[in-house]
Amino acid sequence: MPTDPTEDQAALRGWLRALPKAELHLHIEGTLEPEMMFELAARNGVRLPYADVRAVREAYQFTDLQSFLDLYYAGAGVLCTQQDFHDLAAAYLTRAHADGVVHAEIMFDPQTHTARGIPIQTVFAGLASALREARDTLGLTSVLLLSFLRHLSEEDALRTLEQALPLRETYADLWTGIGLDSGERGNPPEKFTRVYARCAQLGFRLTAHAGEEGPPEYVRGALDALGVERIDHGVRSDEDPALLAELIRRRIPLTVCPLSNLKLRVVDDLSRHNLARLLRAGAMVTLNSDDPAYFGGYILDNYMASATALDLDRDELATLAGNSLQASFLPLADKARLLDRLAQAVTQP
Ligand code: ADE
Ligand code: ZN
C-alpha cells in the first residue's frame, strides 16, 4: 500500500524532534518575532515603521545579507530593559526545547545595544537570567558567544571587550566564547586579528562568520589570522578544494544555516544547497537556524527542509545531530552523555 507523504513528513519530524541536538549558530536578536517586537515597542514607547505584525512579515523580503541586516538592527531597537532581554531569550529557549535542542550556543551583539545607550550589564543580566532558568527548569544548557560587529572598527571591538570583561566572573558559567558577525563583504577577518589574539589569550572559545557571502579567502583568514575553532556558515569553502580538504582533515565544524542561506539568496533553491555534498565529502556540517524569526524557521524546520530538498536519509540526519553535539563547546563528558542519548534516540521508529 502506498504511504501518505504527509504522514511520512509528520513521522520524520517526530523522529528528528526526539534526537538530542545542539544549536550552535543562533543570534538572539534574530529570534525577535514580530509579535514580541510590537509588545516591546509598546512597553518601551518605541515607534515602529510598520502598521502591524503582518506588515513586518511582509517587509521580510531580502535580496542579500545587508538588506536583512538593515531591518534586523532596526528591529533590535525595541530591546531596552533587562526584562526585554530576558523575555527574548526565554521565548527562544522554550521554542528550541520544543524542537529537541538540548544545548544552545547563543550569539549576541552588544555593540547594537551599547550604541543606543543600553548598558552592557543590562544585556548580560537579562540574557543570563533566562539562560539559567532554562537550565534549571528545562534541562537545556546554553552558553553566550559575545559577537563583534565586523562593519565597525577593531578599536570599537576592543573597547566592547574591555567593557564586558569586568562581568566575566559574574557570568563565567555562560560567557565562554566570542564570534564575529554582520556585513562580511569588505570586512575580512584580518581586520580583527588583535582582538581575537587577546580573546584567545583570555581563554575564550573562538568562532567567526566566514564564507557566507564572503569568499573562501575569508574562511582561510578566520582559520589562520583569527585561530577560530569553528566557522559560522562556511558554505563557500568548496570553491577552494585545498581549503575544503583542510577543513575535512582538521574536522573544523561548519555551522550551516540552510533557511538563512535561502532567504538571503546565498542559494537560489534549497535543492541546490551544497550542505549534502559537503557532508558526504566528510566535512563536519551542522544545521542551525541563524535568525529564525526573520528566516521563517527554527532548527527543526531547517532539518526538515534540508531532508526534503536534499534527500537526506536518517543516517545522514543522525550524523548532523551528532556533529552538532561534537562541535559544541561542551566538556567531553557532557558530549559523551548526549551522544549516548542520541544513539538511543536514533533507534526509535
Ligand atoms: N547577524 C545576524 N545574522 C547574521 C548573518 N547571517 N550573517 C552575518 N551577520 C549576522
Ligand atoms: Zn549568523
Side-chain angles (χ1 to χ4, degrees), residues 22-33 37 60-77 79 85 88-89 92 96 104-113 115 123 127 143-152 156-157 160 177-189 191-192 206-215 218-219 221-222 226 228-237 253-267 270 273 275 285-299 301-302 324 327:
E23 171 129 82
L24 306 178
H25 185 156
L26 183 280
H27 303 265
I28 201 64
E29 293 89 351
T31 69
L32 180 63
E33 291 287 346
M37 193 188 287
Y60 292 172
Q61 310 285 339
F62 310 118
T63 50
D64 59 8
L65 175 58
Q66 193 57 51
S67 67
F68 152 69
L69 290 171
D70 292 343
L71 293 197
Y72 164 84
Y73 294 128
L79 297 162
F85 287 97
L88 178 72
Y92 162 68
E105 307 203 338
I106 299 175
M107 287 179 258
F108 69 114
D109 294 340
Q111 287 154 296
T112 301
H113 312 300
V123 182
L127 296 177
V143 297
L144 290 171
L145 308 177
L146 187 158
S147 296
F148 300 112
L149 297 180
R150 69 198 303 155
H151 67 274
L152 301 178
D156 207 304
T160 302
I178 61 137
L180 182 66
D181 59 10
S182 191
E184 192 179 3
R185 287 198 184 114
N187 295 301
K191 186 175 157 185
F192 295 92
L206 310 178
T207 179
H209 283 54
E212 177 187 18
E213 277 192 345
Y218 283 20
V219 177
L226 305 185
V228 300
E229 305 166 66
R230 260 189 345 226
I231 298 286
D232 293 317
H233 293 295
V235 291
R236 289 192 58 190
S237 301
L254 305 178
T255 65
V256 176
C257 306
L259 291 176
S260 163
N261 294 156
L262 185 64
K263 268 297 237 189
L264 301 187
R265 309 227 191 140
V266 171
V267 290
L270 219 46
H273 199 291
L275 78 91
V285 175
T286 68
L287 294 191
N288 308 272
S289 67
D290 206 4
D291 302 284
Y294 290 86
F295 301 149
Y298 284 77
I299 195 165
D301 303 312
N302 276 275
S324 76

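The first residue of the sequence shown is numbered 1, and numbering continues consecutively from there. The structure presented is a predicted model; accordingly, all values stated were derived computationally and were not measured. Read the numbers this way: they start at 1 and go in the same order the structure lists the ligands and their atoms.
Shown are Arg150, His151, His27; of these, the side-chain hydrogen bond (donor to acceptor under 3.5 Å, both in side chains) with Asp181 is made only by His27. The side-chain contact (heavy atoms from CB on, under 4.5 Å) with Val266 is formed by just one residue from the set Asp64, Asn261, Leu65; it is Asn261.
Side-chain atoms of Asp232 and Thr207 include a donor-acceptor pair closer than 3.5 Å. A donor and an acceptor atom, one from each side chain of Ser289 and Asn302, are nowhere located under 3.5 Å apart. Under 3.5 Å, the side chains of Ser182 and Tyr73 contain a donor-acceptor pair of N or O atoms.
If you check which protein heavy atom lies closest to atom 6 (N) of ligand 1, you get Asp290 OD2, 2.7 Å. Nearest to atom 9 (N) of ligand 1 among the protein's heavy atoms is Ser182 N, 2.8 Å. Ranking protein heavy atoms by distance to atom 4 (C) of ligand 1, first place goes to His27 NE2, 3.6 Å.
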Exercise for review: Just do the salt bridge (charged side-chain N to carboxylate O under 4.0 Å, His left out) check on Arg236 and Glu184 with the steps written out, would you?
Suggested key: CA-CA 13 Å; Arg236 289 192 58 190; Glu184 192 179 3; over 6 Å; no
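Contacts with ligand 1 closer than 4.0 Å are made by side-chain heavy atoms of His233 only, the backbone lying farther away. Heavy atoms of Leu65 found under 4.0 angstrom from ligand 1 belong exclusively to the side chain.
The distance criterion of under 3.5 Å between nitrogen or oxygen atoms is met by Glu212 with respect to ligand 1.
By the 4.5 Å heavy-atom criterion applied to side chains, Leu270 and Leu259 are counted as neighbours.
The Leu69 neighbourhood of ligand 1 comprises atoms 1 (N), 10 (C), with distances under 4.0 Å to a heavy atom of that residue. Listed by number with element, the atoms of ligand 1 under 4.0 angstrom from any heavy atom of His209 are 5 (C), 7 (N), 8 (C). Numbered from 1 in the order shown, with element, the atoms of ligand 1 that lie under 4.0 Å from a heavy atom of Phe68 read 2 (C), 3 (N).
Angle NE2 (His209) to the Zn ion (ligand 2) to NE2 (His27): 100°, rounded to 10°.
Distances from the Zn ion (ligand 2) show that Asp290 has an N/O/S atom below 2.8 Å. Counting backbone and side-chain atoms alike, Cys257 contributes no N/O/S atom closer than 2.8 Å to the Zn ion (ligand 2).
A perpendicular orientation is assigned to the rings of His209 and His25, their planes being inclined by more than 60° (bins at 30° and 60°).
Proximity annotation for atom 2 (C) of ligand 1: of Asp232, Asp181, Asp291, Asp291 comes nearest, heavy atoms only.
Side-chain N or O atoms of Asp290 include none that pairs as donor or acceptor with a backbone N or O of Leu26 at under 3.5 Å.
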